[in-house]
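Residues: numbered from 1 along the sequence shown.
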Amino acid sequence: SSIDCTIDWPTLEPEAYDNNGAGNGEDDGINLCPHPYLEGQYIECPDNMVICEEGFVANANGDCVRELCEAGTTFHPEFGCVSEEDLWEEENIDDTELEPCMQSVLSQLKTLEQGVGQMIQKFEENIPRFNWIVKTGELGENTNAVTSTNFDGGIHTTFSNSAFGNASDLSIARTFLHEAVHAYVVSVYFAIGDPEERERVLGEDWLAMQAALKGDQGHRDIAEKYIDEITIALKEYGESRGYILEDQFYKDMAWGGLAEDKNSEETPWFIELVPDGEERDRIRNTILIESSGKDKSGSRKIQKGGNGGC
């Protein structure tokens, strides 16, 4: 079906123009006006001209055609030309039931090269194709967030409505990055039915990962494979907030949700992957301070991140 793009548009005063974009307002006797929405472009100035809806441009015949997007981007009728990762973030992350303080952190994660969509893209070099529904809700004690292993119109992650009252923004961001890995792994099992394709995306031990979702929720796999990726993403978030912190701090924080079980006991994979007891104590203390403002002895400590606002 054709789109009627022709509307009345008031004649604009011709601006200085020549073949290099500057001059006396004329080019071979033709008056030119600034394009109504393409900055730096000029067009003839008739009394009536073709105006196209956003995302469309007029061609030489006066027809409205879809705007061309650069390589690596795709057209969206609302957002225009955007990267596929950003398109996933805008369309596929539903945060309408998320607390405003957490929406603020998530919004900033979306702007980073290693943000939620981009981080997952870096993990497996595959554009994520699933809906991630994030919301705030009531959870049990010592539980910051839970990602469902079922698919109900998307992958659902619930963040505790009581666990982040004293948390820094870095602690909240770390939680998002952790849960994003869960959401991605779970989605693969529902989105990809072919075993060979699953192996390409998740690795040859994908079957063991699938079984782990019902056991340790895949935490061993995250600890073994994604600590460094979470560290990189969290550091970029911190730097975007103006924090100047050591890499070791970010790597310690990446262990959040992986170092302890619900009873606050050290997990087997934490002990295995970090055999030094003093190092494990430092990691656990770092995570605790950023999440509560207190160390393991109950003493108040200054957090390295800013107030999370929750």
Side-chain angles (χ1 to χ4, degrees), residues 72 83-86 88-89 92-93 105-130 132 134 144-145 147 155 157 159 168-189 191-192 198-206 208-210 212-213 216-241 243 245-260 267 269-270 272-274 279-280 283-284 286-287 290-291 304-305:
S83 71
E84 293 193 45
E85 295 94 332
D86 287 339
W88 175 77
E89 288 172 342
N92 291 17
I93 299 180
V105 174
L106 177 59
S107 177
Q108 190 150 5
L109 286 174
K110 293 179 181 181
T111 69
L112 306 177
E113 291 184 3
Q114 300 298 330
V116 175
Q118 284 86 342
M119 186 187 89
I120 296 171
Q121 163 71 4
K122 179 175 176 62
F123 279 169
E124 303 298 344
E125 298 182 356
N126 182 37
I127 301 299
R129 294 294 187 190
F130 61 93
W132 192 23
V134 291
N144 290 339
T147 296
I155 308 301
T157 297
F159 294 85
S168 71
D169 56 351
L170 287 170
S171 184
I172 295 172
R174 191 279 310 161
T175 305
F176 270 113
L177 297 172
H178 175 103
E179 297 303 324
V181 182
H182 280 302
Y184 179 63
V185 173
V186 173
S187 73
V188 167
Y189 301 129
I192 301 178
R198 283 187 181 178
E199 181 177 331
R200 187 192 70 78
V201 174
L202 292 177
E204 61 183 11
D205 59 345
W206 68 267
M209 292 180 67
Q210 184 173 14
L213 289 175
D216 61 29
Q217 298 178 314
H219 282 156
R220 172 180 285 277
D221 284 296
I222 295 176
E224 290 177 344
K225 300 176 181 178
Y226 300 132
I227 285 288
D228 288 343
E229 302 298 342
I230 294 173
T231 300
I232 292 169
L234 188 59
K235 179 181 178 181
E236 187 173 2
Y237 171 82
E239 290 178 344
S240 77
R241 299 283 291 163
Y243 305 142
L245 302 169
E246 295 180 357
D247 289 354
Q248 188 61 63
F249 167 80
Y250 288 113
K251 189 162 188 176
D252 288 355
M253 286 293 292
W255 275 100
L258 302 170
E260 297 181 352
T267 58
W269 46 88
F270 184 46
E272 178 184 333
L273 296 172
V274 186
E279 186 176 358
R280 294 201 304 273
I283 291 172
R284 294 172 71 187
T286 297
I287 295 167
E290 292 302 309
S291 65
K304 294 187 177 181

Notebook entry, point to check: If you measure only the distance, is there a donor-acceptor pair under 3.5 Å linking the side chains of S168 and E290?
Noted result: yes
Item checked: salt bridge (charged side-chain N to carboxylate O under 4.0 Å, His left out) assessment of R284 paired with D252 -> CA-CA 8 Å; R284 294 172 71 187; D252 288 355; over 6 Å; no
Checklist line | Value rounded to 0.5 Å, distance of NZ in K251 from CD1 in I232 | finding: 10.0 Å
Margin query: Rounded at 0.5 Å granularity, tell me how far CG in L170 sits from OH in Y250.
Written below: 5.5 Å
Next item on the list: Specify whether W132 and F176 have parallel, tilted or perpendicular ring planes, treating 30° as the upper limit for parallel and 60° as the lower limit for perpendicular.
Entry: perpendicular
Notebook entry, point to check: How far does NZ of K235 sit from OG of S240, to the nearest 0.5 angstrom?
Noted result: 13.0 Å
Notebook entry, point to check: Are T267 and E260 close enough that a side-chain donor and a side-chain acceptor fall under 3.5 Å?
Noted result: no
Next item on the list: Could you go through the side chain to side chain contact (heavy atoms under 4.5 Å, CB included) check for Y243 and D169 one step at a time?
Entry: CA-CA 11 Å; Y243 305 142; D169 56 351; 2.7 Å; yes
Item checked: Gap separating the CG atom of L106 from the OG1 atom of T175, nearest 0.5 angstrom -> 12.0 Å
Checklist line | Steps toward side chain to side chain donor-acceptor pair (under 3.5 Å) verdict (E179, T157) | finding: CA-CA 7 Å; E179 297 303 324; T157 297; 4.6 Å; no
Check: Between R174 (side chain) and L234 (backbone), is there a donor-acceptor pair under 3.5 Å?
Finding: no
Next item on the list: Starting at CG of L258, measure out to CD1 of I283 and round the result to the nearest 0.5 Å.
Entry: 10.5 Å
